Amino acid sequence: MTDQANTPVAKKLFIKTYGCQMNVYDSQRMAEAMGAEGYVLTEDQSEADMVLLNTCHIREKAAEKLYSDLGRLKPLKAEKPDLKIGVAGCVAQAEGEEIIRRMPVVDLVVGPQTYHRLPAMVRGEAPKILTDFPEEDKFDHLPARRATRRAPAAFLTVQEGCDKFCAFCVVPYTRGSEVSRPVERIMREARDLVERGVREITLLGQNVNGWHGAGEDGREWGFGRLIRALGDLDGLDRIRYTTSHPNDMADDLISAHRDVPQLMPYLHLPVQSGSDRILKAMNRKHTAETYLRLIDRIRDARPDIMLTSDFIVGFPGETDEDHQATLDLVAKVNFGTAFSFKYSPRPGTPAYERAEVDSAVADQRLQDLQALLTRQQKAAQEGMVGRTLGVLFEKPGRNEGQMIGKSDYLHSVFVDAPEAQVGDLVQVRIVGSASNSLQGELAA
Ligand code: 5AD
Ligand code: SF4
């Protein structure tokens with residue numbers, strides 16, 4: 001007989017990730033932690049031995065999605081009583097045991113700061129609900145990232161949590177206060193990713209540009225200095241970061257956009273509103289004018305930078321004039337793309353009790369804003385036609401010989417490149433623009 005008879009059958013783990021890129025990163029780390037326990041990932045929920053839902057709490061709809069998905073898991077659990085169902089992420093943090101009370105199919109609930117204990121929870125060696133903010137750093141307790149080859153673009157969390165307390169936002173409560181990971185851990189993880197074929201790293205944090213720490217030279221480093229250090233890593237061709245607060249755009253970070261060639265000309269800088277009255281009510285601690293002046297300075301440093309942002313319409317107290325001020329700001333900045341949301345009241349946040357804007361009015365404002373942002377996005381994309389840009393190939397396209405990659409500006413680009421491989425970073429002349437992607441040709 002072969003040894004196969006002795007090899008334990010791997011258990012299968014299905015992970016569904018909701019929400020932001022930080023959750024995508026956390027899901028990867030949880031998969032790695034469970035990998036050390038003999039679990040392999042599956043894309044097919046029906047064959048899973050464990051289902052993990054990594055949740056988002058930012059807007060009500062995102063949180064409600066969890067409960068409808070859990071409802072849909074009931075028949076699977078009835079069929080497979082050994083199936084383990086776990087809830088991770090920010091809804092887990094915010095609602096804790098309420099989740100198990102409402103949905104008894106759930107076996108364990110783990111917050112974003114405690115998921116290094118997930119394997120122990122699954123083994124029954126830790127409580128079923130873990131949502132504290134432990135002193136220890138979860139990253140110290142997670143297995144080293146597996147020595148397998150990786151996709152050419154990866155996320156790396158460098159900062160977590162938020163001390164800004166915008167009046168609408170749950171993040172300071174679900175992710176806790178701002179914590180920066182130490183330089184040597186970040187550099188080690190970055191080097192390790194590069195050794196495994198990664199050429200582009202997106203640094204993640206809820207307030208990533210608020211990152212700071214003791215540097216390799218013994219001095220206090222800010223985020224710009226960290227980016228410079230990463231720029232010196234051989235084999236790391238592209239650096240991105242998200243998401244940032246305008247008040248943490250230090251001079252050294254702005255000048256890094258001029259000085260560090262690997263830092264891509266793309267910046268996501270949420271402003272939320274263009275009305276000073278609303279910005280004050282949101283506790284944003286900046287004005288429309290200071291944001292616009294900041295944008296000028298960033299564009300002085302890197303004239304070809306593409307800017308993107310987040311907006312909330314219908315924040316309590318928002319008038320037509322306030323909304324117009326947002327449209328005016330958008331017209332002045334000219335964004336490459338942006339996310340806009342209708343305000344969603346979140347329990348526990350300062351704005352929760354405030355009188356809401358009429359829902360139909362907010363819907364209309366959202367439509368107006370999105371129409372303007374879509375026009376700007378289309379113009380930005382069409383402006384790429386004729387330019388030659390770097391494109392990092394991430395996967396083969398559907399057509400024979402076709403590759404799909406990301407441009408410097410994060411647009412998806414389709415290129416006929418029969419000789420090319422995933423992970424190639426090539427110069428591409430942009431020849432066409434479709435609704436959500438660009439077409440390109442290999443530059444001579
Ligand atoms: N309602 C609507 N949008 C929100 N965001 C955060 N909290 C809320 C809320 N309560 C948006 C902000 C933020 C993005 C991640 O989500 O625009 O930048
Ligand atoms: Fe939320 Fe504001 Fe912190 Fe961003 S800066 S995570 S919107 S509280």
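Computed from a predicted structure; not experimentally measured. Counting convention: from 1, in listed order, for ligands and their atoms alike.
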Query raised in the report: Hey, is atom 4 (Fe) of ligand 2 under 4.0 Å from any protein heavy atom?
Result: no
Report task. Would you mind reporting whether Leu204 and Thr202 have side-chain heavy atoms less than 4.5 Å apart? Result -> yes
Report task. Measure from NZ or CZ of Arg59 to the centre of the six-membered ring of Phe341, then state whether that distance is under 6.0 Å and the direction lies within 45° of the axis. Result -> yes
Query raised in the report: Within 45° of the axis and under 6.0 Å from the centre of the six-membered ring of Phe139, does NZ or CZ of Arg181 qualify?
Result: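 Judged by the rule, Arg181 and Phe139 form a cation-pi pair.
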Using the ring of each side chain (for Trp, its six-membered ring), is [X] parallel, tilted or perpendicular to [Y], with breaks at 30° and 60°?
{"X": "Phe335", "Y": "Tyr291", "value": "tilted"}
{"X": "Phe315", "Y": "Tyr343", "value": "perpendicular"}
{"X": "His116", "Y": "His141", "value": "tilted"}

**Report entry** Tyr241 and His257 aromatic centres sub-6.0 Å
**Finding:**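 Ring-ring flag for Tyr241/His257: true, centres closer than 6.0 Å.
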Query raised in the report: Under 6.0 Å between the ring centres of Phe14 and Tyr39?
Result: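 They do not qualify: ring centres at least 6.0 Å apart.
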Report task. Go through the side-chain N and O atoms of Ser412 and Ser437 and say whether any donor and acceptor fall under 3.5 Å apart. Result -> no
Query - Among Arg346, Glu95, His57, Gln206, side-chain contact (heavy atoms from CB on, under 4.5 Å) partner for Thr174 - result: His57
Report task. Output, by chain and residue number, all protein N/O/S atoms separated from atom 2 (Fe) of ligand 2 by less than 2.8 Å. Result -> Cys166 SG
**Report entry** Neighbouring protein residues of ligand 1 - any heavy atom closer than 4.0 Å
**Finding:** Ile58, Arg59, Phe168, Gln272, Asp310, Ile312, Phe341, Lys342, Tyr343, Ser344, Arg346
